[in-house]
Amino acid sequence: MDNFRGAVLMVLAMLGFALEDMFIKLLADALPIGQILLMLGIGGSAVFGAVVLAQGRSLFTREMMSWPILARAMGELIGALTFVSAIVLTPISSASAILQATPLVVTLGAALFLGEPVGWRRWSAIFVGLFGVLLIIRPGMDSFEMLSILALIAVFALALRDLSTRKIPPSVSSMQLSFVGFVSVLPAGVILLLFTGESLVAPTSGGWIKVVSAITIGLFAYYAIVAATRVGDIGFVTPFRYTRLIFALIAGVVIFDESPDTLTLLGAAIIVASGIYTVWRERKIRPLQ
């Protein structure tokens, strides 16, 4: 029953993240991307900051200056900057498909930089999954879209975030990390506004509804994914992360009139299959390590 609840929570979390991405893409019709990042960062840091203070903890401590937290913040900054730009400037379906390679890159990074054992089967799954990414991006082909590289950069940035999290001392709470994560989004928004030279725009009433919806749904999704990993066995619930791609494909087709081609769908299927196999393999061999 716990695994079932965990799976449901994970699916709801992925639905939430897909809806958040949808609202962000809709907002980009009227607001600069940098401003959207600023609004998301302010909203998320305000909520998590209030929770941290309510728990009687400090928003900033000396440990916040340790390299794992600084590296995590950098990954969060670059990841937010590039992925939000990717879902705005490229089809949301292809950007979300590329993002599904993040767990594979995390496994790759854990082997290369953290010394975690990875057998030939998982190495094979990693390279097969990255081949799936190439099918979506298609470098060197006429259909190559340079802006799709933004989603690929986001994959490596978010992998840096996840790998750094493993080295953060347990004395730093999840809520403190979440607060710092959203604070890290603020300079991303400022950097993008300065780079593009765009000015802040006053949202319409409909725009504010989309902003509040994106923040609220995003925070719910974050809570749901944390709850899912605590309620169910992580090896069981993790594969349900890939349902985000299904929701993103539906949003792309229904809301944004996208038509993913055969290579994009094939690449997405390869990435998901490789990721699920990697999770299954890790769960199988972990007791032996």
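All residue numbers in this chain count up from 1 along the given sequence.
If you chain together hydrophobic residues whose side chains sit under 4.5 Å apart, I276 and I126 never meet in one group. Cluster membership check: I225 shares its hydrophobic cluster with L177, using side-chain heavy-atom separations under 4.5 Å among Ile, Leu, Val, Met, Phe, Trp and Tyr. A single hydrophobic cluster is seen to contain both V201 and I215, as judged by linkage of ILVMFWY side chains at heavy-atom distances under 4.5 Å, directly or through other members. Using a 4.5 Å cut-off between side-chain heavy atoms of Ile, Leu, Val, Met, Phe, Trp and Tyr, with links allowed through other members, L135 and L265 fall into different hydrophobic clusters. Under the 4.5 Å side-chain heavy-atom criterion for ILVMFWY residues, no single connected hydrophobic cluster contains both L163 and V155.
Within the 4.5 Å cutoff, the side chain of V253 has no heavy atoms near those of the S93 side chain. The shortest side-chain heavy-atom distance between L99 and L158 falls under the 4.5 Å cut-off. The shortest distance between side-chain heavy atoms of F256 and P91 does not fall below 4.5 Å. By the 4.5 Å heavy-atom criterion applied to side chains, V190 and L37 are not counted as neighbours. Side-chain contact between I136 and L263 is absent, with no heavy-atom pair separated by less than 4.5 Å. A heavy-atom distance below 4.5 Å is found between the side chains of P203 and Q35. Looking at L12 and F220, their side chains come closer than 4.5 Å, going by heavy atoms from C-beta outward. P260 places a side-chain heavy atom less than 4.5 Å from the side chain of L249.
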Going through the checks in order, is the side chain to side chain contact (heavy atoms under 4.5 Å, CB included) test met by M65 and I69?
CA-CA 7 Å; M65 298 306 296; I69 293 182; over 6 Å; no
Pair F83-D21, side chain to side chain contact (heavy atoms under 4.5 Å, CB included): steps then yes or no
CA-CA 10 Å; F83 184 66; D21 294 343; 3.7 Å; yes
Step by step, work out the ring-ring contact (aromatic ring centres under 6.0 Å, His included) result for Y222 and F48.
CA-CA 11 Å; Y222 176 86; F48 282 113; 5.1 Å; yes
Quick one: do M22 and I87 satisfy side chain to side chain contact (heavy atoms under 4.5 Å, CB included)? Show the steps, please.
CA-CA 8 Å; M22 180 191 73; I87 62 175; over 6 Å; no
Audit row: W67, K167, side chain to side chain contact (heavy atoms under 4.5 Å, CB included) steps and yes/no
CA-CA 9 Å; W67 74 262; K167 294 296 184 180; 4.1 Å; yes
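Here the closest non-hydrogen pair linking V133 and A101 is CG2-CB, 3.7 Å. Looking at every heavy atom in both residues, A154 comes nearest to G79 through CB-O, 4.0 Å. Heavy-atom minimum distance, E76 versus S184: CB-CB, 4.2 Å. The minimum heavy-atom distance between V237 and A7, with the atom names listed, is CG1-N, 3.7 Å. Listed here is the closest heavy atom pair of Y242 and P103: OH-CG, 3.7 Å. Here the closest heavy-atom approach between residue W123 and residue V118 is recorded as NE1-O, 3.1 Å.
In this structure, L81 CG and L150 CG are separated by 8.0 Å, a value rounded to the nearest 0.5 Å. A distance of 12.0 Å separates CZ in F240 from CE in M14, rounded to the nearest 0.5 Å. Here the CD1-CG distance, from I24 to L31, works out to 11.5 Å after rounding to the nearest 0.5 Å. Separation of atoms CZ (F179) and CE (M64) is listed at 8.0 Å; rounding is to 0.5 Å. Rounded to the nearest 0.5 Å, atoms OG1 (T90) and CD (E258) are 8.0 Å apart. With rounding to the nearest 0.5 Å, the separation of CD1 in I209 from CZ in F23 is 9.5 Å.
Between the side chain of Q176 and the backbone N or O of S173, at least one donor-acceptor pair lies under 3.5 Å.
Ring planes of W280 and Y277: tilted class, angle from 30 to 60°.
A salt bridge links R166 with E116; the closest basic N to acidic carboxylate O contact falls under 4.0 Å. Salt bridge D162/R72: absent, no basic N to carboxylate O contact under 4.0 Å. Salt-bridge check for D29 with K210: failed, with every basic side-chain N at 4.0 Å or more from each acidic carboxylate O.
Between the side chains of R138 and T264, at least one donor N or O lies within less than 3.5 Å of an accepting N or O. Counted by atom type alone, E63 and S171 present one or more donor-acceptor pairs between their side chains at under 3.5 Å.
Remark: M74 CE is loosely packed, at most 12 non-hydrogen atoms of other residues, nucleotides or ligands lying under 6.0 Å away.
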